[in-house]
Amino acid sequence: MRWSNFFIPTLREVPADAEVVSHRLLLRAGMVRQLAAGIYSYLPLSWLVMRRIMEIVREEMDAIGGQEFFLPALNPREIWEETGRWTVMGDNMFRLKDRKGADLCLGMTHEEVFTGIARHELRSYKQLPQIWYQIQTKFRDEARPKSGVLRVRQFIMKDAYSFDVDQAGLDKSFEDQRAAYVKIFTRCGLKFSIVEASSGAMGGSASNEFMVKTDAGEDLIATCERCGYAANLEKATSRLASIADQTAATDAPEEFPTPGVRTIEDLISFPGGAAADRQIKTLVYVATFETDGQQPVLALLRGDHQLHETKLADALGATEVRPAHPEEIRELMGAGAGSLGGVGMKERAKAAGRELRIVADHALKNRSNMTTGANKDEHHLRGVNIERDIPVDLWTDLRTVQSGEACPNCEAGVLEVSKSLEIGHIFKLGTKYSKSMNATVLDQNGKEVPVVMGSYGIGVERIMAAAIELHHDADGIIWPRQIAPFDVVVTVTNVKQPELKDAGERLYADLRAAGLEVLLDDRDERAGVKFKDADLIGIPYRVTVGKKTTEGTVELFDRAAKQSTDVSLSEVVARVQQLALAGS
RNA sequence: CGGGGCGUAGCACAGCCUGGUAGUGCGCUCGGUUUGGGACCGAGAGGUCGAGUGUUCGAAUCACUCCGCCCCGACCA
């Protein structure tokens with residue numbers, strides 16, 4: 001490709017709206033332009049990158065037996081009604097009507113459509129497993145698109161679905177996908193972690209997220225350098241030092257006045273109060289359930305611990321949890337936040353004809369002589385033995401792990417919590433969709449069984465953006481070789497000198513003949529402009545045809561190392577070939 | 001959806017408070033000089049000041065409404 005007629009509108013200044021690095025550089029490098037919030041146009045240079053990413057994805061999907069489909073993005077309402085997701089997806093689904101007034105939506109994901117094909121065509125276990133995938137545009141009406149192409153309303157996703165006759169088959173399909181994902185992201189030059197994650201609204205038994213550590217990400221993950229443990233904060237646990245309680249309180253809890261005490265902190269410094277890890281924190285939540293509506297819940301944690309709301313929702317099997325409003329708290333508990341506790345609340349709720357579930361974090365197990373709110377404004381209880389005094393319905397993991405805590409998986413490891421970007425997510429769906437859509441096959445015994453499914457997603461733009469977040473410097477992007485838009489750029493310092501122009505043309509032809517993707521910078525610009533642009537768009541290698549070329553020498557510049565070496569014209573093609581195509 | 005910020009030339013911004021000729025830098029076009037890390041000089045082109053309504057003799061500027069974009073939060077396979 002000749003730069004002189006390849007459309008790369010680079011920008012010298014950074015558009016004011018762009019905050020994250022990948023957004024700034026994609027704009028400056030002339031790769032994307034924004035059409036509306038969360039909707040981007042991909043210009044030729046970025047499309048080359050996306051094509052390379054998609055080709056890697058295809059190769060690895062095909063290698064595990066995946067078969068590529070192309071499904072419609074425009075879906076009729078009916079198929080989404082079958083799984084209940086016409087309603088569940090809520091405002092996140094783009095909806096429209098056709099000329100007859102029939103409801104349609106733009107696909108957010110394709111479990112329904114693929115399962116719809118499966119149920120019509122798959123009849124026997126002998127046809128399984130099937131691994132079906134596509135690379136296609138998805139639409140999600142995000143409440144808040146942000147961070148350039150990282151959170152958008154229209155994006156390209158590779159979505160794959162596996163269909164197996166039983167759980168063992170799903171386990172294998174899942175492992176195959178997982179292994180393929182490792183290859184894909186590695187080939188794309190990304191450093192990533194595989195973390196345990198909550199399955200959330202997708203349902204199913206297990207899920208792994210593929211995460212790239214970057215401040216541009218929105219998820220928090222805990223990782224252990226030592227043993228490789230990694231989990232989304234919504235799943236992460238840690239090992240805590242146990243706390244030695246004084247002897248268990250023998251008497252009933254004792255109420256005492258605590259004027260002015262509103263917080264855990266206040267109670268620490270209050271005379272006769274207690275250290276944070278000797279307090280029981282009591283939080284009132286309202287949980288929403290798919291079947292039986294809303295219900296209040298008490299979540300109990302150690303005073304110095306933070307609740308993780310997703311953990312609470314997962315533990316309850318709730319679709320949603322939210323903090324109770326101050327009025328709700330007072331009505332339920334008889335006191336305001338700051339003086340709440342679990343003692344006696346079960347009975348109080350029952351007396352009011354209501355059910356109140358009490359969920360407590362493992363760290364409170366067997367604790368005694370604790371202090372907590374008395375459900376009377378500005379009063380607390382001391383001498384609380386939790387298992388004697390509070391009827392806990394469910395002991396579970398509720399707390400948010402913090403950096404520096406001990407790894408739950410190895411002896412000496414320490415957890416680090418960092419922001420991460422989700423680039424892939426794989427789910428064991430089980431029979432959630434096959435059951436609701438009646439996708440069954442006959443098994444070996446001639447018995448009709450629901451197909452066991454998995455679903456596996458990769459965000460193509462996010463791979464590109466993550467690569468930039470990970471690989472850039474003050475001058476611009478530094479593409480990993482395998483997804484770079486070009487292998488090498490040939491920079492002719494002055495195209496008005498015929499001998500340089502000719503040398504550049506010859507080198508361009510020779511490099512292309514050697515199987516390389518080459519960008520020839522034949523623009524009539526000053527050398528400085530060309531160097532800056534080349535650095536900005538991040539081609540891994542640059543060959544400079546300039547002063548020394550008349551003596552038979554060119555410069556080979558390594559974008560990542562920012563070092564250049566003189567190479568003779570006769571050797572440069574072989575050198576570039578060796579560097580740029582290594583490992584591919 | 002709640003909170004905050006911003007809409008003036010392709011990009012970055014000034015002008016607005018205190019109403020009266022729409023400006024600067026980069027980019028773009030033409031001419032000249034220059035030619036290895038975003039050159040210099042000269043001459044140009046380019047804006048219904050986000051939209052609407054109102055106040056006023058007169059609105060980029062004041063008021064109201066709407067739209068759009070960004071950030072924080074809520075939300076999110």
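Quick note on labels: first sequence line is chain A, next is B, and so on, each numbered from 1.
- Within 4.0 Å (heavy atoms only), A:Lys146 reaches sugar-phosphate atoms of the nucleic acid but no base atom.
- A distance of about 12 Å separates the P atoms of B:C13 and B:A9, rounded to the whole Å.
- Between A:Tyr433 and A:Phe114, the ring center distance fails the sub-6.0 Å criterion.
- With a 3.5 Å ceiling on both atom-pair distances, B:U61 lacks any Watson-Crick or G-U wobble partner.
- Atom-to-atom, CZ of A:Arg12 to P of B:G27 comes out at 5 Å; the value is rounded to the nearest Å.
- A:Arg153 places its CZ atom 11 Å from the C1' atom of B:C69, with the value rounded to the nearest Å.
- Partner assigned to B:G31 is B:C41, using Watson-Crick or G-U wobble distances below 3.5 angstrom.
- Looking at A:Tyr40 and A:Arg33, their side chains never come closer than 4.5 Å, going by heavy atoms from C-beta outward.
- The pair A:Glu60-A:Lys158 fails the salt-bridge criterion, with no side-chain N (NZ, NE, NH1 or NH2) lying under 4.0 Å from an Asp/Glu carboxylate O.
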Under 3.5 Å donor-acceptor pairs involving side-chain atoms of residues 5-20 of chain A, not counting sequence neighbours:
unit_1, atom_1, unit_2, atom_2, d
A:Thr10, OG1, A:Asp533, OD1, 3.0

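- With respect to the salt-bridge test (charged N to carboxylate O, under 4.0 angstrom), the residues A:Lys138 and A:Asp159 qualify.
- One can place CG of A:Asp219 at 13 Å from P of B:C75, the figure rounded to the nearest angstrom.
- B:G25 and B:C40 are spaced 12 Å apart, taking the P atom of each and rounding to whole Å.
- Spacing between B:U24 and B:G47 at atom P, rounded to whole Å, works out to 15 Å.
- For the P atoms, the distance linking B:C62 with B:C69 amounts to 24 Å, nearest Å.
- Taking 4.0 Å as the cut-off between side-chain N and carboxylate O, A:Lys172 and A:Asp176 count as a salt-bridged pair.
- Between A:Gln34 and the phosphate of B:G68, there is no side-chain N or O to OP1/OP2 separation shorter than 4.0 Å.
- For the pair A:Leu27 CG and B:C70 C1', the computed distance is 13 Å after rounding to whole Å.
- Annotation: cation-pi geometry not satisfied between A:Arg95 and A:Trp80 (NZ/CZ under 6.0 angstrom from ring centroid, within 45° of ring axis).
- Atoms NE2 (A:His23) and P (B:C71) sit 8 Å apart, rounded to a whole Å.
- A distance of about 29 Å separates the C1' atoms of B:C66 and B:G23, rounded to the whole Å.
- In this pair, A:Phe94 and A:Phe139 present their aromatic rings perpendicular. The plane angle is above 60°, beyond the 30 to 60° band.
- When Watson-Crick and G-U wobble pairs are counted only if both distances are under 3.5 Å, B:G25 pairs with B:C11.
- Distance check on atom P: B:G32 versus B:C71 gives 47 Å, rounded to whole Å.
- Going from atom CD of A:Glu19 over to atom P of B:C69 covers 16 Å, rounded to whole Å.
- Atoms CD (A:Glu422) and P (B:C75) sit 17 Å apart, rounded to a whole Å.
- Among the heavy atoms of the strands, none lies under 4.0 Å from A:Ala18.
- In this entry B:C16 has no Watson-Crick or G-U wobble partner, no candidate having both defining distances under 3.5 Å.
- A salt bridge links A:Glu68 with A:Arg58: the distance from a Lys NZ or Arg NE/NH1/NH2 to an Asp or Glu carboxylate oxygen falls below 4.0 Å.
- Residue-level contact check: A:Asp91 touches neither bases nor backbone, having no heavy atom under 4.0 Å from any strand.
- A salt bridge links A:Glu82 with A:Arg119: at least one charged nitrogen is closer than 4.0 Å to a carboxylate oxygen.
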At under 4.0 Å between heavy atoms, how does the protein contact nucleotides 1-16 of chain B? Give one character per nucleotide, 5' to 3', with B, S or -. ----------BSS---
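- Using Watson-Crick or G-U wobble geometry with both donor-acceptor distances under 3.5 Å, B:G73 finds its partner in B:C1.
- Both tests pass for A:Lys428 against the ring of A:Phe174: distance under 6.0 Å to the centre and angle within 45° of the axis.
- B:G68 and B:G52: their P atoms are spaced 16 Å apart (whole Å).
- Mapping A:Phe155 and A:Leu35 onto RNA chain B by nearest heavy atom places A:Leu35 at the nucleotide closer to the 5' end.
- In this structure, A:Glu218 reaches neither bases nor backbone, as no heavy-atom distance under 4.0 Å exists between it and the strands shown.
- Between A:Arg542 and A:Asp535, at least one side-chain N (NZ, or NE/NH1/NH2) sits under 4.0 Å from a carboxylate O, which counts as a salt bridge.
- When the P atom is compared between B:A60 and B:G20, the two are found 9 Å apart, to the nearest whole Å.
- Both A:Ser147 and A:Thr10 lie close to RNA chain B; mapped to their nearest nucleotides by heavy-atom distance, the more 5′-ward contact belongs to A:Thr10.
- A 3.5 Å limit on both hydrogen-bonding distances identifies no Watson-Crick or G-U partner for B:U55.
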If the sugar-phosphate is the primed atoms plus P, OP1 and OP2 and the base is the rest, what is the B/S/- string for nucleotides 30-37 of chain B, using protein heavy atoms under 4.0 Å? ----BBBB
